[in-house]
Amino acid sequence: MRIVIYSLNYDPELVGIGKYNTDFAAWLTEKGHEVQVICAPPYYPQWEIQPGYCGWRYQTDSSQTTAIFRCPIWVPKNPTGLKRILHLMSFAISSLPILLERSQAWKPDIIFVLEPPIFCLPGTLLISKLFGSKVWLHIQDLEIDAGFSLGLVPRLEALKNIVFGLECWLLRQVSFVSSISEEMLAHIHRKGISKSHSMLFPNWVDTQAIRPCAQINPFRTELNIDAKQTVCLYAGNLGTKQGLEIIIGVARQLQHHTNITFIIAGEGSMRQTLIKQAEDIPSVRFLNLQPDERFNDLLNMADIHLLPQSLEAAALVLPSKLKAMFASGRPVVSTAEPDTQLAEIVTNRGVNVQPGNVSQFSKAILLLSQDAALRAHFGNEARSYAITHWDRQQVLIEVEKKFTQLIADSLPVACVNLVDTNPPKS
């Protein structure tokens, strides 16, 4: 198959959607498929174009097997509201000529579009009609719902009706839709997408690369954290949707428990704010993003993983970082309403509390910090769940099967028969 991955994010971004896109492209090429990528220059989660790349001109580079077409994009320093919308639109506009040229010259079988940004979808649908490609929309983030819920878009009823109506129409035009959680998939079905034209495509984890390690942890050695300390770790994007202020509030409330250390590892728009909030709390320490080869060691530094989410975001997104947390065999303390999928998954593999409730979050950390046997039990249950539900090979094989079926369904009957017929015996 020939597949275009059409998304904002790609290698060398270390977290989020870019990391999954890069791994997905590598897996597809290992399976013998041809892959090309249309993306922006790397900027996430720092919200700053990385050195060696340019935000205002087209660039082409490649891995050993994948051609990568990078398109201009405007990256605001403070990505809120209108600025975020303009940011997404800038990529949708600049990338459209590349998609047109690639579709004409290379004729992909599938254009795999990732949301955000949904702004890419209208042009993709038009181009697919011209050149006969299938359009698969993969929804990593319900950006329109989140925009209204978080107040990034004015909450005007007339505007919501227009925007949601247009979104539903666009969703019905694509060949297939997938999303990363059952909860998000159910939300998509309520927008009018049938179950036969959609599937669960969860973010995955390589359970061989991310695994529990018994030896002395190098990060604890480097940071001079002894084995008696309980390390509570948050590793990932430091953005507004994460509700990360609660970690600072909990650390302040528990600062007299000198055996508990909080580590916040990552980059993002909230990093400097969090550093300032925690400057008088010695139990809070910050680390930069870590390269892939150190990621498993980073996760294994933790005794407890922290997974806060804002109240609005927790109902719309199943955080991808949960997969690696579980695979590392450590318990998780999360924040989500009790009736959400996140709360359901974490319960009995950690502790879930109400979003924004510092007191409950603190009690959950104290409970786990004082009971090593409970931490081990929850960690084992989390690891088992990751292997059963999110293992990389298992997830991607199912998607490859659906890719093949989607293309076969579009072939004339004679062609399908020719593909399915065994060659005659000599």
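Atom set for the values below is all heavy atoms of this structure, side chains included, hydrogens, waters and symmetry mates excluded.
R383 contributes a side-chain N or O that, together with a main-chain N or O of A327, makes up a donor-acceptor pair within less than 3.5 Å.
Inter-residue side-chain proximity for F262 and V250 is flagged as met; some heavy-atom pair is nearer than 4.5 Å. Residues Y43 and H87 meet the side-chain proximity criterion, which asks for heavy atoms closer than 4.5 Å. Two residues are said to be in side-chain contact when any heavy atoms from C-beta on lie closer than 4.5 Å; I248 and I264 meet this criterion. Side-chain contact check for F131 versus L100: some heavy-atom pair is nearer than 4.5 Å. With a 4.5 Å cut-off on side-chain heavy atoms, L28 and F24 count as touching. D109 has its side chain out of reach of F403: every pair of non-hydrogen atoms, C-beta onward, lies at least 4.5 Å apart. For the pair W204 and Q394, the minimum side-chain heavy-atom distance is 4.5 Å or more. Taking 4.5 Å as the limit, some side-chain heavy atom of M199 sits within range of a side-chain heavy atom of F176.
Crowding of W106 atom CH2: a count of heavy atoms from other residues, nucleotides or ligands under 6.0 Å exceeding 12. The neighbour count for N161 CG, taken as heavy atoms of other residues, nucleotides or ligands under 6.0 Å away, is above 12. For K129, the NZ atom sits in a loose shell: 12 or fewer heavy atoms of surrounding residues, nucleotides or ligands are nearer than 6.0 Å. Around the CG atom of L130, the shell of radius 6.0 Å holds more than 12 heavy atoms that belong to other residues, nucleotides or ligands.
The aromatic rings of F326 and Y385 sit perpendicular, their planes meeting at an angle over 60°, well past the 30° parallel limit.
Using modelled atom types, one finds a donor on one side chain and an acceptor on the other under 3.5 Å when comparing T207 with D391. Side-chain contact annotation: S328 with H305, donor-acceptor N/O pair under 3.5 Å present. Judged by distance alone, the side chains of Q215 and N300 never bring a donor and an acceptor atom under 3.5 Å apart.
Contact between A364 and V333 at its shortest, heavy atoms only, is CB-CG1, 4.0 Å. When all heavy atoms are compared, the tightest approach of S283 to I260 is CB-O, 3.6 Å. Between K134 and S175, the closest heavy-atom pair is CD-OG, 3.4 Å. Closest approach of S95 and F91 over heavy atoms only: OG-O, 2.6 Å. Across all non-hydrogen atoms, the minimal contact from Q140 to L114 is CG-CD2, 4.0 Å. Minimum interatomic distance between R190 and H187 (heavy atoms only, all atoms of both residues): NH2-ND1, 3.1 Å.
Here OG1 of T124 is found 6.0 Å from CD1 of I111. Values are rounded to the nearest 0.5 Å. One distance of note links CG of L166 with CD1 of I144; it measures 7.5 Å at 0.5 Å rounding.
In this structure, the side chain to side chain donor-acceptor pair (under 3.5 Å) partners of Q229, at least two apart in sequence or on a different chain, are T261. When the salt bridge (Lys or Arg N to Asp or Glu O under 4.0 Å) test is applied to K19, the partners found at least two apart in sequence or on another chain are D292. Scanning for salt bridge (Lys or Arg N to Asp or Glu O under 4.0 Å) contacts around R294 gives E222, with sequence neighbours left out. With sequence neighbours left out, T22 forms a side chain to side chain donor-acceptor pair (under 3.5 Å) with no residue at all.
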Side-chain donor-acceptor distances from residues 30-41 under 3.5 Å, at least two apart:
{"unit_1": "H33", "atom_1": "ND1", "unit_2": "M1", "atom_2": "N", "d": "3.3"}
{"unit_1": "H33", "atom_1": "NE2", "unit_2": "E400", "atom_2": "OE2", "d": "2.8"}
{"unit_1": "E34", "atom_1": "OE2", "unit_2": "R2", "atom_2": "NE", "d": "3.3"}
{"unit_1": "Q36", "atom_1": "OE1", "unit_2": "R102", "atom_2": "NH1", "d": "3.0"}

Output side-chain donor-acceptor pairs under 3.5 Å for residues 266-278, partner residues at least two apart or in another chain, one line each.
{"unit_1": "R271", "atom_1": "NH1", "unit_2": "G266", "atom_2": "O", "d": "2.7"}
{"unit_1": "R271", "atom_1": "NH1", "unit_2": "L287", "atom_2": "O", "d": "3.2"}
{"unit_1": "R271", "atom_1": "NH2", "unit_2": "N288", "atom_2": "OD1", "d": "3.1"}

